[in-house]
Amino acid sequence: MTSVSEVQPARTSAILQLVRGLFHLVAVVSVSVWGFVAWPLPFPGLLTGFGFLVLSVLLWALFLSPRPVLRTDRFAQALFELLLLAAAVAALLALGVIWIVPAVYGVAGAVVGFIASTRGA
């Protein structure tokens, strides 16, 4: 039999990873939308939009996914996560979102990433 004390940390860790994944998804979407909107369509806008989409998904898959292709230590993983979050904050600011929303998003994403990485270790 499993006790309640064994099930609770696993559930908390799964919820933290889910919230962290949602922050990463919002980051990829915001960087991609910025890539499409920042330059005039059709040619440079489509090229940069798909380019930033591929670049951000590649960064996520290589270093930040639940089963990363390249295993790194916690510090390098935190650096790549902060890089992705900073790109999302910059993209949201460039899209004209009021500054408090990207600031709260960046701080909340960094805190969730830190807590999730310390719980997973």
Side-chain angles (χ1 to χ4, degrees):
M1 277 189 6
T2 60
S3 68
V4 175
S5 63
E6 294 175 7
V7 175
Q8 191 66 21
R11 179 176 288 169
T12 304
S13 178
I15 291 172
L16 278 172
Q17 289 299 328
L18 177 69
V19 172
R20 184 182 189 192
L22 289 175
F23 273 101
H24 291 172
L25 180 66
V26 169
V28 168
V29 168
S30 64
V31 168
S32 299
V33 167
W34 172 76
F36 284 115
V37 174
W39 286 275
L41 292 175
F43 180 63
L46 291 176
L47 187 64
T48 56
F50 286 123
F52 281 120
L53 173 65
V54 167
L55 184 66
S56 60
V57 169
L58 186 66
L59 173 81
W60 180 83
L62 286 177
F63 300 105
L64 299 174
S65 69
R67 291 185 185 181
V69 176
L70 301 175
R71 291 247 180 230
T72 58
D73 60 345
R74 278 185 9 192
F75 301 108
Q77 186 178 12
L79 177 69
F80 285 112
E81 186 167 7
L82 288 175
L83 181 68
L84 184 65
L85 289 173
V89 167
L92 288 172
L93 287 172
L95 286 172
V97 178
I98 190 164
W99 68 271
I100 193 73
V101 175
V104 169
Y105 168 77
V107 170
V111 167
V112 167
F114 174 75
I115 292 172
S117 68
T118 56
R119 294 276 173 110

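For this chain, numbers begin at 1 and follow the sequence in order.
- Annotation for L18: hydrophobic cluster partners, listed by chain and number, are none (ILVMFWY side-chain heavy atoms under 4.5 Å, direct or chained).
- Considering all non-hydrogen atoms of both residues, A116 and R20 come closest at CB-CD, 3.9 Å.
- When atom types are taken as modelled, the side chain of T48 and the backbone of G35 share a donor-acceptor pair closer than 3.5 angstrom.
- The two residues P102 and V97 make their nearest non-hydrogen contact at CD-CG1, 3.9 Å.
- Looking at V28 and H24, their side chains never come closer than 4.5 Å, going by heavy atoms from C-beta outward.
- A continuous path of ILVMFWY side-chain contacts below 4.5 Å connects F80 to V69, so both sit in one hydrophobic cluster.
- Here the closest non-hydrogen pair linking A91 and S30 is CB-O, 3.7 Å.
- The only member of L85, L79, L84, L83 that meets side chain to side chain contact (heavy atoms under 4.5 Å, CB included) when paired with E81 is L85.
- Both I98 and L92 belong to a single network of hydrophobic side chains, linked directly or stepwise wherever heavy atoms of I, L, V, M, F, W or Y lie under 4.5 Å apart.
- L82 and L64 fall into different hydrophobic clusters, where Ile, Leu, Val, Met, Phe, Trp and Tyr are joined by side-chain heavy atoms under 4.5 Å apart, directly or via other members.
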Side chains of residues 36-47: which donor-acceptor pairs under 3.5 Å do they make with residues two or more places apart or in other chains?
none

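- Residues V104 and L93 are members of one and the same hydrophobic cluster, defined by side-chain heavy-atom contacts under 4.5 angstrom among Ile, Leu, Val, Met, Phe, Trp and Tyr.
- Considering all non-hydrogen atoms of both residues, F52 and V31 come closest at CB-CG1, 3.9 Å.
- Contact record, T118 with I115: OG1-O, 3.0 Å, taken as the closest heavy-atom pair.
- Annotation: side chain of F23 is in contact with side chain of Y105 (closest heavy-atom distance under 4.5 Å).
- Between F63 and Q77 there is no side-chain heavy-atom pair separated by less than 4.5 Å.
- Put simply, V29 and L53 are part of two different groups of oily side chains (I, L, V, M, F, W, Y) that touch within less than 4.5 Å, one to the next.
- For L70, the CG atom is densely surrounded, since the number of other residues' heavy atoms within 6.0 Å is greater than 12.
- Residues W34 and L95 come closest through the heavy atom pair CA-CD2, 4.0 Å.
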